[in-house]
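A quick write-up on the structure given underneath.
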Amino acid sequence: MPRKSARLAALTVAAACSAASTVVLTSPAHADTVRVHDIQGDTRTSPLAGQQVTDVTGIVTGIRTYGSSRGFWIQDPAPDADPATSEGVFVFTGSTPRGVAVGDAVTVSGTVSEYVPGGTSSGNQSLTEITRPAFTVVSSGNPLPAATPLDARSVPAAYTPEPNGSVNALPLRPAEYALDLYESLEGMNVQVSDTRVVGATDPYTELWVTVKPYEHRNRRGGTVYGSYDAQNTGRLQIQSLGKASDFPDANVGDTLTGTTAGPLDYNQYGGYTLVASELGTLESAELSRETTRGQRTTELAVATYNVENLDPSDDTFAAHAAAIVNNLKSPDIVSLEEIQDNNGATDDGTVAADLTMARLIDAIEAAGGPRYDWRSVDPADKQDGGEPGGNIRQAFLFNPARVSFTDRAGGDATTATDVTKVRGKAALTLSPGRVDPTSEAFDNSRKPLAGEFTFRGRTVIVIANHFASKGGDQGLTSQYQPPARSSETQRHLQAEAVHDFTAKILKTQKNADVVALGDINDFEFSETTEILEGRGTLWSAIKSLPRSERYSYVYQGNSQALDQILISPSIRRGTFTYDSVHVNAEFHDQISDHDPQVLRFRP
């Protein structure tokens, strides 16, 4: 059939949708010749969900030919007067759409459905779609409806009303709430101009920008997440309808100059997303990786560094070594998180990580650093979470030319270390040893690793942590506001266990030097941190930095603190400096998704 004839024919595509991901409200009703804004309505879910609609008119503004959600967007070029009702909608074809092009005027018939990216259990908002469509191309080459600008003036400062429940049924108030504005533009052609990148390009060819250049900006161009009440409303995810190879490799602080425009989508990996048919030009800010200062002779330098599932098969050892030697200036003690066993994700019962550690130590020496020694406790197979088969754990690196490790044998995966008194000072019964490893707080999660060090005749007890992840929490754009943070429950128990262990040390020796550090997987303002700190037991030293510098991780365009170093009162009362060394999180070519932290103090 000639192409013109084929495109003038009505095309019907049936799509089988997962019940776990799509909610279709069944109804015997039939809606004739409705407009797109009738389908979208003035709330988050369509008043016509489950109904058949006929001959819905619109201009095709974008076509998605990849992934599991293939189809095209249409927008009504004759909008109504209600700013709460979107004029765009996604037509889900299930397979690559045939016989339709951007600029086509079409009529679409099908079933109105509410699709929940990630499934209903995710708490995500739903995306209104027309499914099982039949469409007819009426004409081609039409101008696209003008894109709606998103900028500092159009996006409200308030995020969303907080009803302590679902916002689905609430009437949209796009002039008052940012989340309502984005929903009122769902499926429509939108544009941003000269936007700063606040989340680097990731392997899935996504990046994050802000349309509010002064919203919680830090000196490196990021947007800092400093409280649960500050959601940084200007953040927006950018994807592309073009080739992955054409997507820019952007770092935080770079700018997409000119116009970036396309339909506004909603997905499970960040919520509202501009799917760009037109991408701005990347202008580099020439962001450089930070370097901390070296410790002085009388200063003990203690660092924490999540090396992201490091195992012998990785090609990042030299890069990690360079970061430790050149950017961190070879700290005296390094708490490493996510050290995997000797064959990584191979699930064959291997738990030892001596080959992993040897490769890293060799690489550090080759990079000009000291010949580190190390200590750790192997986990029981498949008991500590993380990548299946990887058996991640914490490990201590230490420079024996500057620090000595006090070995007290007997530590294993399930035997807990305790606190005793030796010559009037607090000491560990097992060193290295695990803190409360059989507690339910650490089920399927990393167990804290405690070690006893000596620096210039002074004992320092270090507790390395990798708390439970935030997996399972509802997203910031969830239909439930405020979103539920279910993963906190386990972290609170973990924080309590580490706090209580630290309190036992300080009860034994009031002026003991204790450092609890690692990937806490929670913010410095969180309840998890409050529990860890207790009433003067510990204090998160990242809070010694200006608020704009308190971050170690960038997630969905928010620069935030997940990695922390907490210190006992004796260290806090003395002279110390803290540095969050930004070498990874802001860069598209990161070797880990975490930035290391360094504390220097005089015991």
Side-chain angles (χ1 to χ4, degrees), residues 36-37 40-44 59 61-62 73 75-90 125 127-128 143-162 167 170-199 207-217 221-225 229-239 255-267 270-281 475-477 481 556-558:
V36 172
H37 51 251
Q40 288 285 9
D42 62 359
T43 64
R44 284 178 164 76
I59 304 294
T61 58
W73 288 269
Q75 184 169 333
D76 193 330
D80 66 4
D82 187 352
T85 57
S86 172
E87 301 295 338
V89 70
F90 186 66
Q125 294 187 52
L127 179 69
T128 303
L144 301 188
T148 301
L150 294 172
D151 53 33
R153 287 177 294 182
S154 63
V155 179
Y159 190 62
T160 186
E162 295 189 3
V167 296
L170 296 181
L172 297 175
R173 291 183 282 177
E176 298 179 48
Y177 299 110
L179 210 56
D180 286 9
L181 173 69
Y182 292 131
E183 176 63 24
S184 74
L185 299 172
E186 178 191 275
M188 290 179 61
N189 212 20
V190 299
Q191 71 175 39
V192 297
S193 300
D194 298 329
T195 50
R196 191 177 76 251
V197 176
V198 293
L207 58 81
W208 287 77
V209 300
T210 181
V211 301
K212 295 186 173 183
Y214 301 108
E215 185 177 47
H216 300 128
R217 177 174 182 163
T223 298
V224 177
Y225 185 57
D229 298 322
Q231 302 294 6
N232 292 324
T233 58
R235 294 173 305 110
L236 188 65
Q237 187 171 220
I238 306 291
Q239 293 178 338
T255 302
L256 282 181
T257 62
T259 298
T260 298
L264 188 64
D265 194 26
Y266 183 93
N267 66 48
Y272 294 103
T273 301
L274 193 165
V275 187
S277 53
E278 177 184 2
L279 266 172
T281 301
L476 295 181
T477 59
Q481 294 293 327
Q556 296 184 352
N558 275 327

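Throughout, residue positions are numbered sequentially from 1 according to the sequence presented. Quick note: numbers below take in every heavy atom, side chains included, and nothing from hydrogens, waters or symmetry partners. Values in this document were obtained by computation on a predicted structure and should not be read as measured data.
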For E176, which residues count as a salt bridge (charged side-chain N to carboxylate O under 4.0 Å, His left out) partner, sequence neighbours excluded?
-> R173
Note: T61 and Q75 closest approach over all heavy atoms is CG2-CB, 3.9 Å
Locate the shortest heavy-atom distance separating L170 from P161; write the atom from each residue and the value.
-> CD1-CG, 4.0 Å
Of all residues at least two apart in sequence or in a different chain, which pass the side-chain contact (heavy atoms from CB on, under 4.5 Å) check with S86?
-> Q40, M188
Listed by chain and number, what are the salt bridge (charged side-chain N to carboxylate O under 4.0 Å, His left out) partners of D265, not counting sequence neighbours?
-> R64
Just jot down the side-chain hydrogen bond (donor to acceptor under 3.5 Å, both in side chains) partners of Q239, sequence neighbours excluded, or say none.
-> E206
Can you list the residues that meet the side-chain hydrogen bond (donor to acceptor under 3.5 Å, both in side chains) rule with T273, with sequence neighbours excluded?
-> Q237, N267
W208: partners by ring-ring contact (aromatic ring centres under 6.0 Å, His included), with sequence neighbours left out | none
Sidechain-backbone polar pair: Q191 side chain, A146 backbone, donor-acceptor under 3.5 Å = no
Quick one: CG on L144 to CD on E278, what's the gap to the nearest 0.5 Å?
-> 10.0 Å
For D80, which residues count as a side-chain contact (heavy atoms from CB on, under 4.5 Å) partner, sequence neighbours excluded?
-> H37, D82, T85, E87
Residue list, side-chain hydrogen bond (donor to acceptor under 3.5 Å, both in side chains) with E215, at least two apart or on another chain = T233
Of all residues at least two apart in sequence or in a different chain, which pass the side-chain hydrogen bond (donor to acceptor under 3.5 Å, both in side chains) check with D76?
-> R35
Does the N558 side chain pair with the main chain of N232, one donor and one acceptor, at a distance under 3.5 Å?
-> no
For Y272, the ring-ring contact (aromatic ring centres under 6.0 Å, His included) test, sequence neighbours excluded, returns Y182, Y266
Go through the structure and list residues passing side-chain contact (heavy atoms from CB on, under 4.5 Å) with L181, not counting sequence neighbours.
-> L150, V155, P156, P174, S184, L185
Residue pairs involving residues 179-191 (criterion salt bridge (charged side-chain N to carboxylate O under 4.0 Å, His left out); sequence neighbours excluded) = R44-D180
Check for a donor-acceptor pair, side chain of T195 on one end and backbone N or O of V192 on the other, with a separation under 3.5 Å.
-> no
